[in-house]
Amino acid sequence: MSNNFKKTTILDIEFINTTNANFLAQIKSDSLARKNRFIVTANPEIVLFARQHLDYKKILSQADYVTPDGIGIIKGGAILGTPLPERITGFDTLTSLLEWANSHHKSIYLVGAAEPVIQKVVTKMDTDYPNINLVGFHNGYFKDDHEIVAKIKATQPDFVFVATGFPNQEAFIQRNRHVSDSIWMGVGGSFDVLAGNVNRAPQFWQDHHVEWLYRLFQEPTRFIRMLAIPHYLFLIYKEKFSRRKKKN
Ligand code: UDP
């Protein structure tokens, strides 16, 4: 990772160990310097997936910043005795960067989500972020990257937000980031939230570390995906005890 943040390794994935404020300040300065940057916001599901898919793990190792999204990563850090200060979520980072992009007249390209969702997000850009220059957008259901990548190359946006879910969004970014010195970030289901199709958990749920439960109520089909959490915690404890053994 090309940055000076302290790192914390959780099950072989290197996370930046910093606050939202410091991270955002870094990204804004990267953007002003027109650095080519790749941000991954990773949760336990992503960490497990990377363990089982080495090609994906390699992509994560090429990202510039992997941030701790999801309370499971924060808990993991604490259990391993290498605490991380706070969650740095995809959605919060996206909205903070959109606000900054709006006040600094920056340009963005959006790709991801179903057509009606991206259409709603585009309308929202006009109303909520009128000073952002939206250079182009595309839904997340495409066969090849060509048209999208050509547009990004031609317009050189300050930010490229990719909302096609992991692992596709990270693979897309790694494959194409060379065409434009932009800040590239995978934002998962954030466009659905921006469009108002899925609600973000209210602050109370977030503060009490049960945002995941709120999400489960909204989308019960996520249950299967959430089975990853106990598996993840098992591996964290295993890691903790193997580290302790090595120490003794
Ligand atoms: N999606 C997409 N193209 C695909 C598959 C999914 O654009 O081929 C979109 C989907 O419509 C949704 C997002 O990717 O908006 C994935 O959301 P999810 O909540 O699964 O992502 P997470 O935040 O958990 O990574």
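Just so you know, ligand 1 is whichever comes first in the structure, and atom 1 is the first atom listed for that ligand. What you see below is based on every heavy atom in this structure, not just the backbone, and it leaves out hydrogens, waters and symmetry mates.
- Nearest-heavy-atom check against atom 10 (C) of ligand 1 across F142, F191, Y141 picks out Y141.
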Worksheet entry | From CA spacing to verdict: ring pair (Phe, Tyr, Trp, His ring centres under 6.0 Å), F161, F159 | CA-CA 6 Å; F161 296 113; F159 295 91; 5.6 Å; yes
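- Remark: minimum distance from atom 16 (C) of ligand 1 to any protein heavy atom is reached at G165 CA, 3.8 Å.
- With respect to K28 and D158, no salt bridge is recorded, no charged nitrogen being found less than 4.0 Å from a carboxylate O.
- In this structure, E147 does not pair ionically with K151, as no charged nitrogen and carboxylate oxygen lie closer than 4.0 Å.
- The closest side-chain donor-acceptor pair between Q26 and D30 falls under 3.5 angstrom.
- Checking only distances, V187 never comes within under 3.5 Å of ligand 1, N or O to N or O.
- Every atom of ligand 1 is numbered from 1 in the order shown, and the set under 4.0 Å from a heavy atom of D192 is 12 (C), 15 (O).
- Less than 4.0 angstrom separates some heavy atom of A163 from each of these atoms of ligand 1: 7 (O), 9 (C), 13 (C), 14 (O).
- One finds a salt bridge joining D12 and K57 here, because a Lys/Arg side-chain nitrogen approaches an Asp/Glu carboxylate oxygen to under 4.0 Å.
- Nearest to atom 7 (O) of ligand 1 among the protein's heavy atoms is A113 N, 2.9 Å.
- Under a 4.0 Å criterion applied to the non-hydrogen atoms of R215, ligand 1 contributes the atoms 19 (O), 23 (O), 24 (O).
- Relative ring orientation between Y56 and F166 is described as tilted, the plane-to-plane angle lying within the 30° to 60° band.
- Side-chain contact annotation: Q174 with E170, donor-acceptor N/O pair under 3.5 Å absent.
- When hydrogens are left out, the protein atom nearest atom 25 (O) of ligand 1 is G188 CA, 3.7 Å; that is the closest non-hydrogen contact.
- Looking at H53 and D55, their side chains never bring a donor and an acceptor atom within 3.5 Å of each other.
- Less than 4.0 angstrom separates some heavy atom of G112 from each of these atoms of ligand 1: 7 (O).
- The residue from E115, R225, R222, E45 that puts a heavy atom closest to atom 20 (O) of ligand 1 is R225.
- Among T89, T164, N197, the residue whose heavy atom sits closest to atom 14 (O) of ligand 1 is T164.
- When only non-hydrogen protein atoms are considered, atom 22 (P) of ligand 1 lies nearest to G189 N, 3.8 Å.
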